Visitor: 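Quick one: the structure is below, and I'll ask about it shortly.
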Amino acid sequence: MAKLRAVRGTQDLLPEAWARHHHVEKTARRVAFLFNYRSVATPIFEFTDVFARTLGETSDVVTKEMYTFADKGGESLTLRPENTAGVARAFISGNLQQQLPLKYFYSGPMFRHERPQKGRLRQFHQIGIELLGVPVPAADIEVIQAGAHVLDALGVRDVTRLELNTLGDAESRTAYREALVAYFTCRQSELSEEGRSRLLRNPLRLLDSKDGRDRAISAEAPRYDDYLNAFSADFFAEVCEGLDTLGIAYRRNPRLVRGLDYYGHTAFEFVTDALGAQGAVIAGGRYDGLISTMGGPLTPGIGWAGGIERLAMLATDYPEAPPVVSLVPVGPAAEKAALPLADSLRRAGIAVDLGLSGNLKRRMQQANRIGAQLAVLLGDDEIAKGVATLRDMKDGAQREVPIDQLAAALTP
RNA sequence: GUGCCCAUAGCUCAGUCGGUUAGAGCGCCUGGUUGUGGUCCAGGAGGUCGCCGGUUCAAAUCCGGCUGGGCACCCCA
């Protein structure tokens, strides 16, 4: 039989990895709460349409990366590749437009069928925030600030940088797209094959091509700033000003674009060079068109998502597990007595690892292996005297403690 | 989907020009110690060299295919 293994692009979170993972999630949730973002969870799968319509029929995520399947009723369902569409759907389903503005935090697994590489999995985990119902730059500023705060709290801000761009409003985007198409069409023959394909599908994406030829040509391409209308330019200026006020450094990156129609105005990424090719650790933008695209009321939104695995790789410091006391019974009578003793200690808030099998030596080894700082030895001698032997695992010092004072003795 | 690199003990890895019984460190097991872990000492177990085929007197070693993994492209968190 072939060796049993995890599905390609998935991984097991064993205790140490889980602790790192959880540290990222817990820290982000705490920071989000400081900004009054409330935790929500949406289903891990949705009707395929929720993603297909919102992410864009031509996007790579939709065309080749979704885990889509038919359920027993014949409905097409899809494992969520991201969470914004799910939140938007929940907003519409729940008729929440009366409660705007809404500020949500989420965390959970996402699924994309991509070729795995460093920092990229098929089941990966994201944290994210969404701010719905606020059409002004103050929202963009707060959302970016929250992202920076999360990175600060994880101690990774100094290995990341904020890249910022504006995609303008629909009018600006249409004007710019026309200008780009005109420019690139003239120099079509100099583009890469992939570049020509992007020209047809999504000319904006030509700007972030990594192909040398495409880059050379796009370096001289029309600049978006010349096509932004006054409203879009002012909006972006206000966002920049807010970040300046907060002392949040950023770099304008005109190549930072979003392929999807509902994105507009602010687009941003916190990126790092420390993770190989997959540099984005938190990325987001404004999506004022999303909810109306899905058939809901016209509702502005902005948010970001962060990759937990990527952040966990950056965040080398995470809290150690609190100490556990080892309870080591010796002999059948002690094993019996240890059960209620362990129970009472746990109810007193003391984490107890009860040695379940093996002789004394085996159980002491177990105590050592789990890193216990204190061991409680309980044998016939102790039971007869109504005490337990408390051993300091570091220096081996032992003393007898009456059973009824044990909880107090073990409380730090 | 494309490209490059990799696959030897539980883990990390050596393995010379193709040549006798494939090694090390860590880990694991036993004993030194019948109620004492970690440290120390002594001993031990553990391998279809990823799989299939080819070349050769001889393959862990060379060649091909397959499977798996990593990285990069693409895309993105």
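Everything numeric here is computed off the predicted structure, so don't read it as measured data. Letters A, B, ... are given to chains in the order of the sequence lines, protein chains preceding strands, and every chain is numbered from 1.
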Visitor: Are OP1 or OP2 of B:C76 and a side-chain N or O of A:R122 less than 4.0 angstrom apart?
Guide: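 No, outside the criterion.
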Visitor: With P as the reference atom in both, quote the distance from B:G38 to B:C17 in angstrom, rounded to an integer.
Guide: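 B:G38 and B:C17 have their P atoms separated by 43 Å.
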Visitor: Can you tell me, in whole Å, how much space there is between the C1' of B:U34 and that of B:C49?
Guide: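 One C1' to the other, the span is 44 Å.
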Visitor: Rounding to an integer number of Å, can you tell me how far A:N253 CG sits from B:C76 P?
Guide: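 Computing the A:N253:CG to B:C76:P distance gives 14 Å.
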Visitor: Counting Watson-Crick and G-U wobble pairs only, both distances under 3.5 Å, name the nucleotide matched with B:G3, or none.
Guide: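 Pair assignment: B:G3 / B:C71.
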Visitor: Verify the neighbour count for atom CG of A:D317: are there more than 12 heavy atoms of other residues, nucleotides or ligands below 6.0 Å?
Guide: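 No, not enclosed.
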Visitor: Within this structure, what is the CE-to-C1' distance between A:M313 and B:G70, rounded to whole angstrom?
Guide: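 After rounding, the reported distance stands at 13 Å.
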Visitor: Under the side-chain hydrogen bond (donor to acceptor under 3.5 Å, both in side chains) test against A:E309, which residue among A:Q126, A:Q123, A:H125 passes?
Guide: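 With A:E309 as partner, A:Q126, A:Q123, A:H125 yield a single side-chain hydrogen bond (donor to acceptor under 3.5 Å, both in side chains), made by A:H125.
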Visitor: A:R362 side chain: which of B:C29, B:A77, B:U36 is closest?
Guide: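 So the side chain of A:R362 is nearest to B:C29.
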Visitor: Distance between the P atoms of B:U2 and B:G54, in whole angstroms?
Guide: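 Looking at atom P only, B:U2 and B:G54 are 28 Å apart.
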Visitor: Taking any heavy-atom pair under 4.0 Å as a contact, classify A:L377: base, sugar-phosphate, or nothing.
Guide: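 The residue A:L377 makes base contact.
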Visitor: From C-beta outward on A:E382, which listed nucleotide comes closest to its side chain: B:G35, B:G70, B:C75?
Guide: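 When the side chain of A:E382 is considered, B:G35 is the closest of B:G35, B:G70, B:C75.
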Visitor: For atom OH of A:Y250, decide whether the heavy atoms of other residues, nucleotides or ligands shown that lie under 6.0 angstrom number more than 12.
Guide: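 Above 12, so yes.
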Visitor: When you measure only distances, ignoring hydrogens and angles, does the side chain of A:N368 come within 3.5 Å of the base of B:G37 through a donor and an acceptor?
Guide: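 For A:N368, whose side chain was compared with the base of B:G37, there is a donor-acceptor pair (under 3.5 Å).
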Visitor: Does A:R115 make a side-chain donor-acceptor contact with the base of B:U2, cut-off 3.5 Å?
Guide: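 Donor-acceptor pair under 3.5 Å: yes.
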Visitor: What's A:Q117 touching, base or sugar-phosphate or nothing? Going by heavy atoms closer than 4.0 Å.
Guide: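 Here A:Q117 touches the bases of the nucleic acid.
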Visitor: Using a 4.0 Å heavy-atom cut-off, does A:Q373 contact any base of the nucleic acid, only the sugar-phosphate backbone, or nothing at all?
Guide: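 If one applies the 4.0 Å heavy-atom cut-off, A:Q373 turns out to touch nothing in the nucleic acid.
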Visitor: Using the C1' atom as the reference point in each nucleotide, state the distance between B:U12 and B:G27 in Å, no decimals.
Guide: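 Pairwise C1' distance, B:U12 against B:G27, rounds to 11 Å.
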Visitor: Measure from CE on A:M364 to P on B:U34 and round the result to the nearest Å.
Guide: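 The distance from CE of A:M364 to P of B:U34 comes to 15 Å, rounded to the nearest Å.
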Visitor: Identify the nucleotide, in any strand shown, that forms a Watson-Crick or G-U wobble pair with B:U56, with both distances under 3.5 Å; if there is none, say none.
Guide: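 B:U56 is paired with nothing.
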Visitor: Just the rounded figure in Å: distance from C1' of B:C75 to CZ of A:F124.
Guide: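 It works out to 11 Å between those atoms.
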Visitor: Which one is paired to B:U48, where only Watson-Crick or G-U wobble pairs with both distances under 3.5 angstrom count?
Guide: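 No nucleotide pairs with B:U48.
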Visitor: Does A:D381 come within less than 4.0 Å of A:K385, counting only side-chain N to carboxylate O?
Guide: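 Salt bridge between A:D381 and A:K385, a charged N being under 4.0 Å from a carboxylate O: no.
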Visitor: Looking for any heavy atom pair under 4.0 Å, which part of the strands does A:G119 touch: base, sugar-phosphate only, or nothing?
Guide: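 Base contact.
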Visitor: Working to the nearest 0.5 Å, report the span between CD of A:E65 and CD of A:E114.
Guide: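 CD of A:E114 is found 4.0 Å from CD of A:E65.
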Visitor: Which part of the nucleic acid, if any, lies within contact of A:R363, taking any heavy atom under 4.0 Å across all strands shown: a base, the sugar-phosphate backbone alone, or nothing?
Guide: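 It contacts nothing in the nucleic acid.
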Visitor: Want to settle it: does A:H113 or A:A280 sit nearer the 5' end of RNA chain B, counting the closest nucleotide to each?
Guide: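 Mapping each residue to its closest nucleotide by heavy atoms, the 5'-most match is A:H113.
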Visitor: Would you say the rings of A:Y176 and A:Y227 are close, in the sense that their centroids are separated by under 6.0 Å?
Guide: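 They qualify: ring centres under 6.0 Å apart.
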Visitor: Distance criterion of 3.5 Å, no angle test: do you see the side chain of A:R120 paired donor-to-acceptor with the base of B:C74?
Guide: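 A donor-acceptor contact between them is present.
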Visitor: To the nearest Å, give me how far apart CZ (A:R369) and P (B:U36) are.
Guide: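 Rounded to the whole Å, the gap is 18 Å.
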Visitor: With rounding to the closest Å, how many angstrom separate the P atoms on B:C76 and B:G18?
Guide: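 Straight-line distance between the two P atoms is 48 Å.
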Visitor: Both A:A305 and A:A372 contact RNA chain B. Taking the nearest nucleotide for each, which residue is further toward the 5' end?
Guide: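 This one resolves to A:A372.
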Visitor: Look at all strands and tell whether A:Q366 reaches a base, only sugar-phosphate, or nothing, counting heavy atoms closer than 4.0 Å.
Guide: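 The answer is nothing, as A:Q366 stays clear of every strand by at least 4.0 Å.
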Visitor: For nucleotides B:C41 and B:G47, find the distance between their P atoms and express it as a whole number of Å.
Guide: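 It works out to 27 Å between them.
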Visitor: Using the C1' atom as the reference point in each nucleotide, state the distance between B:A45 and B:A9 in Å, no decimals.
Guide: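 11 Å, rounded to whole Å.
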Visitor: Does A:F69 have more than 12 heavy atoms from other residues, nucleotides or ligands lying within 6.0 Å of its CZ?
Guide: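 Counting other residues, nucleotides and ligands, CZ of A:F69 exceeds 12 neighbours.
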Visitor: Identify the nucleotide, in any strand shown, that forms a Watson-Crick or G-U wobble pair with B:C26, with both distances under 3.5 Å; if there is none, say none.
Guide: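 For B:C26, the partner nucleotide comes out as B:G10, under the 3.5 Å rule.
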Visitor: Are A:D392 and A:R399 within salt-bridge range, i.e. N to O under 4.0 Å?
Guide: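 Salt bridge between A:D392 and A:R399, a charged N being under 4.0 Å from a carboxylate O: no.
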Visitor: B:G37, B:G35, B:A77: which one has an atom nearest the side-chain heavy atoms of A:R391?
Guide: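 From the listed options, B:G37 comes nearest.
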Visitor: For A:D380, report the nucleic acid contact type (base, sugar-phosphate, nothing); a contact means any heavy atom under 4.0 Å.
Guide: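 The residue A:D380 makes base contact.
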Visitor: Taking atom P in both B:U61 and B:G15, compute the distance separating them and give it to the nearest angstrom.
Guide: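 Here B:U61 and B:G15 have their P atoms 15 Å from each other.
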Visitor: A:Q365 has a side chain; which of B:G38, B:U36, B:G69 sits nearest to it?
Guide: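 Within the option list, the nearest is B:G38.
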Visitor: Heavy atoms from C-beta onward define the side chain here; which of B:A77, B:G35, B:C71 lies closest to that of A:K118?
Guide: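 Out of B:A77, B:G35, B:C71, the nucleotide with an atom closest to A:K118's side chain is B:C71.
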Visitor: For A:L121, answer base if it contacts any base atom (sugar-phosphate contacts may also be present), sugar-phosphate if it contacts only those atoms, and nothing otherwise; contact means non-hydrogen atoms under 4.0 Å.
Guide: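 Counting heavy atoms under 4.0 Å across all strands, the contact made by A:L121 includes a base.
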Visitor: In whole angstrom, give the distance that lies between atom CD of A:E269 and atom P of B:A77.
Guide: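 My rounded result for the distance is 7 Å.
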Visitor: Would you mind classifying the nucleic acid contact of A:G331 as base, sugar-phosphate or nothing, using non-hydrogen atoms under 4.0 angstrom?
Guide: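 Answer is nothing: A:G331 stays at 4.0 Å or more from every strand.
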Visitor: Of the nucleotides B:C74, B:G70, B:G37, which one has an atom closest to the side chain of A:M393?
Guide: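 That would be B:G37.
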Visitor: Between B:G35, B:C75, B:A77, spot the one nearest the side chain of A:E65, thanks.
Guide: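 That would be B:C75.
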